[in-house]
Amino acid sequence: MSSKKSVKQNGGTDKHSFAQRGMLLVLAAGALATSAAGSGVGHAGKVAAVCWLGSLVYIWLWIGKDRRERFFKKCEAVATIIKNSLDGRQESEVPANKMDSRGPLQEGLPSLSLLPDPPAWVRQAAGERTGTGYALRVNRAFRRCGLLKDEGERIEVISVQSGPAAARVTVSLPDGLRLTRLQHMTSDLASAFGVESLQVIPGMHAGSASLIIAYKNRLPVVLRTILESQEFQEFLGRSELPMVVGVNDIGEPIMIDLVSVRHLLVAGTTGSGKSWFINEVLVTLLLSRGPDVLSLVLIDPKRVELSQYRGFPHTITVATETAQAVGALESLVKEMERRYTIFEQAGVKNIQQYWQRTGDRSIGYIVGVIDELADLMSTARKEVEILVQRLTQLARAAGIHMIVATQRPSVDVITGVIKSNLPSRVVFQLISGPDYRTVLNVDQDLKLRGKGDGVALLEGHAGLVRFQSPGIGADDNEADLAVSKIKDFWVNSGHKTNTVPIAEAAVEAGEQRNTAGETGESSKLRVTSGPDMVKLPDFPEVFGELPGGESGEYGNPPESESEEIRKFKIIIAQAWQDAVDADMDQITAPSIRSLRERMNIKQERVMELIDLLIREGWIQAPPVPKKPYLIVAGENILKDYL
């Protein structure tokens with residue numbers, strides 16, 4: 001049997017070699033005939049044409065059906081990529097989705113021309129990026145990862161789209177290749193493509209997947225390009241307090257209505273893009289809503305981020321000291337209670353119903369912004385936690401919405417009480433995995449790259465949303481200049497501040513506020529009272545007492561540690577002392593079950609406290625899973641809690 005097979009193979013080889021020799025003779029004859037035809041020999045041209053035609057037919061048959069199919073598929077894929085690239089360029093050449101950028105979003109609002117355009121090099125680079133190079137690497141990368149085993153098996157590229165930070169390559173998966181398998185191999189695929197990060201998500205078509213492939217160099221996103229888009233113009237008409245979160249991987253805007261998401265928690269370390277995000281949110285609100293609709297209460301313990309918004313007719317106050325911040329939050333709570341009294345008398349449930357039934361628009365929206373919660377929690381924890389809790393629990397229907405930001409989202413800052421009332425969260429780059437888990441409540445392997453690269457957990461959106469946050473300008477100087485121009489517009493426009501019965505105090509000695517109709521030596525308090533309106537207490541001065549009667553420079557602040565955390569550390573310290581008394585070699589912390597029972601709290605809260613103690617160097621995670629945590633704090637620290 002084997003000998004017959006061998007003979008058959010040898011015969012095939014001989015036959016193939018004979019055909020190759022014949023082909024060479026035909027090519028040689030064609031070359032001689034072509035040369036003779038050039039010399040004017042009769043009929044040589046016809047002989048040359050027959051020889052060359054025969055050569056083409058032979059080559060067509062010799063390459064085989066499989067090779068022909070692969071060749072045509074590659075041509076089709078390249079044609080698709082070129083077509084998508086040309087379509088994208090045509091869309092960019094004809095900006096049909098853009099409004100007139102010289103005018104305002106709506107009549108009576110500042111013009112978008114006050115915002116800086118993206119730099120010329122950004123526009124040029126955006127036009128040159130097509131993602132075609134990544135699309136051409138798909139089959140080689142999949143084969144390198146062992147996802148394509150058959151020689152003739154190919155991946156079909158459906159579409160290629162490019163954005164400022166990544167390209168989205170959508171492919172059709174062959175039978176037997178599952179999406180979950182791709183998602184588990186993102187690191188291998190990233191290595192095969194030669195990129196830093198890669199994400200796999202379901203495609204828009206059945207049996208397809210989209211590869212989000214990050215560019216090495218991200219292009220900055222400028223707020224003006226988003227506000228000029230037709231998408232934002234349409235969103236503006238159906239939202240109350242429009243906010244731009246950012247753009248997705250292919251540059252599509254992600255927008256939310258602050259009224260719909262109630263309140264927002266923002267977390268991110270220094271340089272992650274958190275401050276740029278807060279500033280672009282405020283600028284978007286100031287460009288899209290007048291002071292008759294929107295008022296701002298800003299709390300800025302860092303003193304440098306929000307001070308530039310003083311002087312806007314929208315701004316009630318910018319509090320920079322702890323006492324001022326507590327007073328501002330207390331006044332917001334009292335304003336909330338006053339509004340609910342008015343709603344009860346009018347027989348309505350919320351501010352929108354009040355407007356519809358009474359036609360009285362003197363009660364507008366108030367947005368409160370806390371730029372650094374950790375600083376307030378370290379100096380006035382008891383007051384701040386209770387006030388923020390009340391506002392986030394109850395203030396939505398009264399038209400009061402909070403944006404709370406922090407650089408340090410640990411469990412002693414973002415407590416369970418605060419976090420439960422802030423379901424919508426925007427997260428930029430953080431230091432550690434436990435910080436992400438504290439904010440997002442998920443064990444997610446996030447590799448955020450800073451400078452506006454973030455994820456959002458938003459009401460009304462499924463799962464985490466990856467985005468690139470825009471800046472007002474290309475740098476801080478452009479951003480500050482734009483805010484100054486917008487302020488000049490509102491100050492000189494003749495708009496009056498909405499009637500909000502919150503006492504407006506000078507929050508710093510010698511502060512002068514410039515508002516429409518008021519300049520320079522304005523009175524220290526300016527409160528416009530209307531029917532059924534009450535004058536609330538002034539914001540407290542920098543000196544004096546904190547609410548609650550605690551005296552001192554700002555009042556003696558409560559202990560930086562909560563009673564719960566102190567009790568937890570006492571239990572750990574007692575376990576250490578017991579282990580030392582028993583002369584144990586390895587000192588371990590009590591089990592999670594024991595801690596839960598002794599603290600009388602849920603297991604989720606126990607894990608949050610454990611994460612806190614790990615960051616503080618009290619305990620260490622076990623080297624082997626399902627083993628107890630090790631107590632590693634120093635003797636002097638532990639004895640302080642015994």
Side-chain angles (χ1 to χ4, degrees), residues 265 267 373-389 406-422 430-444 548 550 556-642:
L265 173 63
L373 181 64
D375 185 79
L376 296 181
M377 293 291 282
S378 65
T379 56
R381 180 187 182 86
K382 292 179 181 178
E383 292 87 350
V384 170
E385 185 172 12
I386 292 172
L387 293 169
V388 171
Q389 176 190 356
T406 182
Q407 294 182 6
R408 185 166 59 86
S410 55
V411 292
D412 58 331
V413 175
I414 308 297
T415 63
V417 171
I418 293 177
K419 188 166 66 172
S420 63
N421 295 304
L422 294 168
L430 296 174
I431 294 175
S432 64
D435 287 340
Y436 288 112
R437 186 164 67 245
T438 299
V439 181
L440 299 173
N441 289 335
V442 291
D443 287 320
Q444 191 83 11
E550 295 172 345
N556 290 328
E559 293 183 5
S560 59
E561 287 183 340
S562 67
E563 191 63 32
E564 183 183 45
I565 295 173
R566 184 173 181 81
K567 181 180 177 182
F568 196 82
K569 289 183 175 181
I570 289 173
I571 294 174
I572 298 297
Q574 289 173 344
W576 170 83
Q577 186 64 58
D578 293 342
V580 170
D581 294 341
D583 198 20
M584 298 176 62
D585 295 332
Q586 195 174 46
I587 302 177
T588 60
S591 66
I592 294 174
R593 180 178 179 181
S594 173
L595 290 169
R596 188 180 66 220
E597 291 174 352
R598 294 179 65 178
M599 293 286 296
N600 194 24
I601 57 177
K602 294 183 179 180
Q603 182 167 331
E604 179 185 353
R605 180 58 178 158
V606 172
M607 296 307 299
E608 291 179 351
L609 294 173
I610 286 176
D611 288 337
L612 172 64
L613 264 62
I614 290 176
R615 287 196 296 271
E616 292 187 1
W618 271 64
I619 58 178
Q620 178 180 309
V624 180
K626 298 184 179 180
K627 293 293 183 181
Y629 288 84
L630 306 178
I631 300 175
V632 294
E635 180 178 348
N636 293 335
I637 296 175
L638 290 163
K639 284 186 175 180
D640 288 341
Y641 288 83
L642 292 175

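Below, all heavy atoms of this structure are taken into account, side chains as well, without hydrogens, waters or symmetry copies.
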Quick one: pull up CD in Glu385 and CG in Leu373 and give me the separation to the nearest 0.5 Å.
-> 9.0 Å
Is the CD1 atom of Ile570 crowded by more than 12 outside heavy atoms at less than 6.0 Å?
-> yes
So do the side chains of Asn421 and Val388 get within less than 4.5 Å of each other, counting heavy atoms only?
-> no
Heavy-atom side-chain contact between Gln574 and Gln577 under 4.5 Å = no
Glu608 vs Thr438, side-chain hydrogen bond (donor to acceptor under 3.5 Å, both in side chains): CA-CA, chis, key distance, verdict = CA-CA 7 Å; Glu608 291 179 351; Thr438 299; over 6 Å; no
Would you indicate whether the side-chain heavy atoms of Met599 and Leu609 approach each other to under 4.5 Å?
-> yes
Sorted by chain and residue number, the side-chain contact (heavy atoms from CB on, under 4.5 Å) partners of Ile637 (sequence neighbours excluded) come out as Trp618
Going by heavy atoms in the side chains, are Ile619 and Leu630 under 4.5 Å from each other?
-> no
Answer whether the closest heavy-atom distance between the side chains of Arg381 and Thr415 falls below 4.5 Å.
-> yes
Decide yes or no on side chain to side chain contact (heavy atoms under 4.5 Å, CB included) for Arg596 and Arg593, but give the supporting numbers first.
-> CA-CA 5 Å; Arg596 188 180 66 220; Arg593 180 178 179 181; 3.8 Å; yes
Check for a donor-acceptor pair, side chain of Tyr436 on one end and backbone N or O of Leu430 on the other, with a separation under 3.5 Å.
-> yes
Provide the closest heavy-atom pair for Ala589 versus Ile631 in the form atom of the first, atom of the second, distance.
-> N-CG1, 3.8 Å
Ser378 side chain to Asp375 backbone, donor-acceptor under 3.5 Å = yes
Student check: side-chain heavy atoms of Met377 and Asp412 closer than 4.5 Å | no
Shortest non-hydrogen contact from Leu638 toward Ala633 | CD1-O, 3.5 Å
Show the numbers, then the answer: is there a side chain to side chain contact (heavy atoms under 4.5 Å, CB included) between Ile418 and Gln389?
-> CA-CA 6 Å; Ile418 293 177; Gln389 176 190 356; 5.6 Å; no
Report the C-alpha distance between Thr406 and Arg408 in whole Å, list the side-chain angles of each, state the deciding distance to 0.1 Å, and finish with yes or no for side-chain hydrogen bond (donor to acceptor under 3.5 Å, both in side chains).
-> CA-CA 6 Å; Thr406 182; Arg408 185 166 59 86; over 6 Å; no
Residues in ring-ring contact (aromatic ring centres under 6.0 Å, His included) contact with Trp576, at least two apart in sequence or another chain | none
Close side-chain approach of Ile414 and Leu422, heavy atoms under 4.5 Å | no
Evaluate side chain to side chain contact (heavy atoms under 4.5 Å, CB included) for Leu595 paired with Ile601, printing each intermediate quantity in order.
-> CA-CA 9 Å; Leu595 290 169; Ile601 57 177; over 6 Å; no
Using salt bridge (Lys or Arg N to Asp or Glu O under 4.0 Å) as the criterion, list what pairs up with Lys602, not counting sequence neighbours.
-> none
dist Lys382:NZ -> Glu563:CD (nearest 0.5 Å) comes out at 8.5 Å
Mind checking whether Tyr629 and Ile610 have side chains closer than 4.5 Å, heavy atoms only?
-> yes
Decide yes or no on side chain to side chain contact (heavy atoms under 4.5 Å, CB included) for Ile614 and Gln620, but give the supporting numbers first.
-> CA-CA 6 Å; Ile614 290 176; Gln620 178 180 309; over 6 Å; no
